[in-house]
2 protein chains.
Amino acid sequence: MQKKTSHAAGLHRASLKKLHDLDAALELMYYGWRGMTLSADEYLATLGLSRPHHRILYVVARQPDISIGSLIEILGISKQAVNRPLGLLLERKLLISKRSPEQHRSKLLRLTEAGQRIEQRASGYERKVLREAFDRVGPPGAAAWMAVMGAIADSN
Amino acid sequence: MQKKTSHAAGLHRASLKKLHDLDAALELMYYGWRGMTLSADEYLATLGLSRPHHRILYVVARQPDISIGSLIEILGISKQAVNRPLGLLLERKLLISKRSPEQHRSKLLRLTEAGQRIEQRASGYERKVLREAFDRVGPPGAAAWMAVMGAIADSN
DNA sequence: TTTTTCATGTCAACATAGTTGACGTTAGGA
DNA sequence: TCCTAACGTCAACTATGTTGACATGAAAAA
């Protein structure tokens, strides 16, 4: 049996020599992303679900009766990549797809109550992390964070 | 041929109904991460490399003569997962491993000049995105961003 | 009306990044 | 010396994504 290096050893944030003044910020982005998603991912894993499933649930929760095509556009992955996680969610009845009789061309997705519960809880873990961090710096800090992230997000 | 939905359709940030006040922040984290890594990933792809290769190069650049074991601990993935990308980097001579004659138990990793160039450039794309965002909000905003990200990163 | 076009969704094959398990080798402590 | 544990490698598997091929239904053009 392997003892110490077998499992994902805990993040180990810090301790790297900084070659540039922005290295610290760069690493913060990495560990921040991990920090936000960690507890949600652990919860999802207990249900046999993971990040892609959550992303689908998140979007459908906020846009009921969305078509698969629009879902794909928002997620930014190929329709084939959506297919398997989507299939699992349908099979587990966390969401349902109906075709409206007259718009037979696309399927409309909607969360079931079970799906809503899971989405709520998983996203709740992520929001909790954000809320605590925001509380620690106060509203001006939170606003600054949003401004920086907006600038980064729009940089492409 | 597929027309519109075949490739990763561009992010589409926004436009989702917000169910909670922190939903916007949550989405910003997602798109921020994408925004920061996008151009670096595109550059790496032209070389047949990707994110895991870059992470290895990044760490080794900042800790020359690191052992594989320590590398694993910092990256937070299993040693087996490191094995393949590491092998490619060695094969391409972007880094070299030497065993010191007396410490025969572990290999020491170090970047070659070619490896340094690629690491510089890839990380440079990421820093550029951060720098531009920081410039837009000024030093206090940047400091606030760092504070929030630090709190998030340490939340586990 | 018939034909063509195209968005839509599904299936199959493949690539990549991660996991666990098994194992050989080396170093160091009892 | 011998036993244990760290180190690293190889093989097999899972999951998330990719492209390609294709069936189907709606709508537009002929």
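Chain letters run A, B, ... following the sequence lines, proteins first, then strands; residues in each count from 1.
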- Within this structure, what is the CG-to-P distance between L89(B) and dA17(C), rounded to whole angstrom? 11 Å
- For R84(A), enumerate each residue passing the salt bridge (charged side-chain N to carboxylate O under 4.0 Å, His left out) test, keeping only those at least two apart in sequence or located in another chain. none
- Starting from P on dA11(D), measure out to CD on Q80(B) and report it in whole angstrom. 14 Å
- Report the residues that fulfil salt bridge (charged side-chain N to carboxylate O under 4.0 Å, His left out) with R51(B), sequence neighbours left out, ordered by chain and then residue number. D41(B), E126(B)
- Message: I'd like to check the salt bridge (charged side-chain N to carboxylate O under 4.0 Å, His left out) partners of E42(A); sequence neighbours left out, ordered by chain and number.
- Response: none
- Message: Whole angstroms only, please: what is the CG-C1' distance between N83(A) and dA23(D)?
- Response: 14 Å
- Who are the salt bridge (charged side-chain N to carboxylate O under 4.0 Å, His left out) partners of D135(B), not counting sequence neighbours? none
- Could you state the atom-to-atom distance from CG of L44(B) to P of dT16(C) in whole Å? 14 Å
What are the atom names and distances for every N/O pair under 3.5 Å that joins the protein to nucleotides 13-16 of chain D?
| unit_1 | atom_1 | unit_2 | atom_2 | d |
| --- | --- | --- | --- | --- |
| dT16(D) | OP1 | S50(A) | OG | 2.3 |

- Query: Of the nucleotides dG9(C), dT9(D), dG20(D), which has the atom closest to the K79(A) side chain?
  - Reply: dG9(C)
- Salt bridge between E132(B) and R136(B), side-chain N to carboxylate O under 4.0 Å? no
- Rounding to a whole Å, what distance do you find between D41(B):CG and dT16(C):P? 14 Å
- Tell me, with the steps shown, if M36(B) and K128(B) meet side-chain contact (heavy atoms from CB on, under 4.5 Å). CA-CA 9 Å; M36(B) 190 185 83; K128(B) 178 170 182 285; over 6 Å; no
- Item | Short side-chain N/O contact from S78(B) to OP1 or OP2 of dT19(C), under 4.0 Å | yes
- Take atom NZ of K107(A) and atom P of dT24(D), then tell me their distance rounded to the nearest Å. 14 Å
- How close or far is atom C1' of dG17(D) from atom CG of L86(A), stated in whole angstroms? 15 Å
- Query: Can you pull the ring-ring contact (aromatic ring centres under 6.0 Å, His included) pairs that have at least one residue in residues 34-91 of chain B, sequence neighbours excluded?
  - Reply: Y43(B)-Y125(B)
- Item | Among dT19(D), dG8(D), dG18(C), the nucleotide that comes nearest once only the side chain of I77(B) is considered | dG18(C)
- Task: Calculate the interatomic distance between L88(B) atom CG and dG18(C) atom C1'; express it in whole Å.
- Result: 16 Å
